[in-house]
There are 2 protein chains.
Amino acid sequence: MSRTLAKTNYTDEEQQIAAFAKALGHPVRIQIVKLLNSQSCCHTGDLTDVIPLAQSTISQHLKALKEAGLIQGEILPPKVKYCIHKANWEKAEALFQGLFNL
Amino acid sequence: MSRTLAKTNYTDEEQQIAAFAKALGHPVRIQIVKLLNSQSCCHTGDLTDVIPLAQSTISQHLKALKEAGLIQGEILPPKVKYCIHKANWEKAEALFQGLFNL
DNA sequence: ATAGTTTATCGTGAAAAAACGATGATTAAC
DNA sequence: GTTAATCATCGTTTTTTCACGATAAACTAT
């Protein structure tokens, strides 16, 4: 079976750092992670108060950050508490540091 | 005149780091900046040898990195020599460092 | 002048991102 | 059981990204 005719040929590290970078590639998401870092955590509602975007839009951005692994959400009915995913955050930090200190 | 009904309200810093992150948000572009950092500089042709993508596609990615300010190109006919834009690279480094050390 | 090399740009198509309103799901409080 | 609150998901539209081939631009070398 011939699959992947066009080889991808990126290292895991390259893909990982690109994924982190992509997740941080929007000013709203920068705002969000900065907020989550300053306060230890916060709810979606807190964000909709601060950010002039529709609630559904903010939810989408949170999903993007979550899928990249940079944040995590704890369901705490009827709210959801979002926090930085510390382990992955530090992983991202290390990757960027490695990239810039070549 | 009413313009900008939906206020943007991002700081320059947030926009700047998001722009840098966005430019780094693709594995090929990570590969490219890594290459440009290891060798001091290189030509587009060198990249097309290493990366299995069409020449026009690579040129597009170089353009994205250039517009973000992370690299610069010196026309050296008939070739173009690409290098890291050192000042902006260090600016990006500082911004990411600031983001991660909150 | 002709031909060759190198790179950017144009035009296109497919896929993903960004934004919104509306709807659903879940739980708390009454 | 109704109602209110909180958040995610769905469906949609618009814009942007990614990739390609083809063409154009610029300079070398013959």
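We name chains A, B, ... by the order of the sequence lines, and we start the count at 1 in each one.
Ranking C/dC20, C/dA8, D/dC20 by closeness to the B/Ser59 side chain, first place goes to C/dA8. With C/dC20, D/dC7, D/dC20 as the candidates, the nucleotide lying closest to the side chain of A/Tyr82 is D/dC7. The side chain of B/Val80 lies closest to C/dA8 when the candidates are C/dA8, D/dT9, D/dC20.
Atom-to-atom, CG of A/Leu62 to C1' of D/dT9 comes out at 14 Å; the value is rounded to the nearest Å. Per the geometry, CD1 belonging to B/Ile51 stands 13 Å off P belonging to C/dT7, to the nearest Å. The distance between atom CG of A/Leu47 and atom P of D/dC7, rounded to the nearest whole Å, is 9 Å. Whole-Å rounding puts the B/His26 NE2 to D/dA19 C1' distance at 9 Å. When rounded to the nearest whole Å, the span between NZ of A/Lys63 and C1' of D/dC10 equals 10 Å. Rounding to whole angstrom units, NZ of residue A/Lys79 and P of C/dA29 are separated by 12 Å. Whole-Å rounding puts the B/Leu53 CG to D/dG21 C1' distance at 14 Å. Atoms NZ (B/Lys81) and C1' (D/dA26) sit 19 Å apart, rounded to a whole Å.
B/Ile75 comes within contact range of no nucleotide atom at all, as no heavy-atom separation falls under 4.0 Å. Residue A/Lys22 is in sugar-phosphate contact alone, with no base atom involved, counting any heavy-atom pair closer than 4.0 Å across all strands shown.
A donor-acceptor contact under 3.5 Å is not formed by the side chain of A/Gln60 with the base of D/dA8. At a cut-off of 3.5 angstrom, the base of C/dA8 holds at least one donor-acceptor pair with the side chain of B/Gln55.
Atom CD1 of A/Ile75 sits in a sparse spot, with 12 or fewer heavy atoms from other residues, nucleotides or ligands closer than 6.0 Å.
Salt bridge B/Lys34/A/Glu13: present, at least one basic N to carboxylate O contact under 4.0 Å.
Heavy-atom distances to DNA chain C give each of B/Thr57 and A/Gly25 a nearest nucleotide, and the one nearer the 5′ end belongs to B/Thr57.
Taking side-chain N and O atoms only, A/His61 has no distance below 4.0 Å to OP1 or OP2 of C/dA17.
Scanning both residues, A/Leu70 and A/Ala23, for their nearest heavy atoms gives CD1-CB, 4.0 Å.
Of the residues listed (B/Leu47, B/Ile51, B/Ile32), the one engaging B/His61 in a side chain to side chain contact (heavy atoms under 4.5 Å, CB included) is B/Ile32, and it is the only one.
Between B/Phe96 and A/Phe100, the angle of the ring planes lies from 30° to 60°, which puts this pair in the tilted group.
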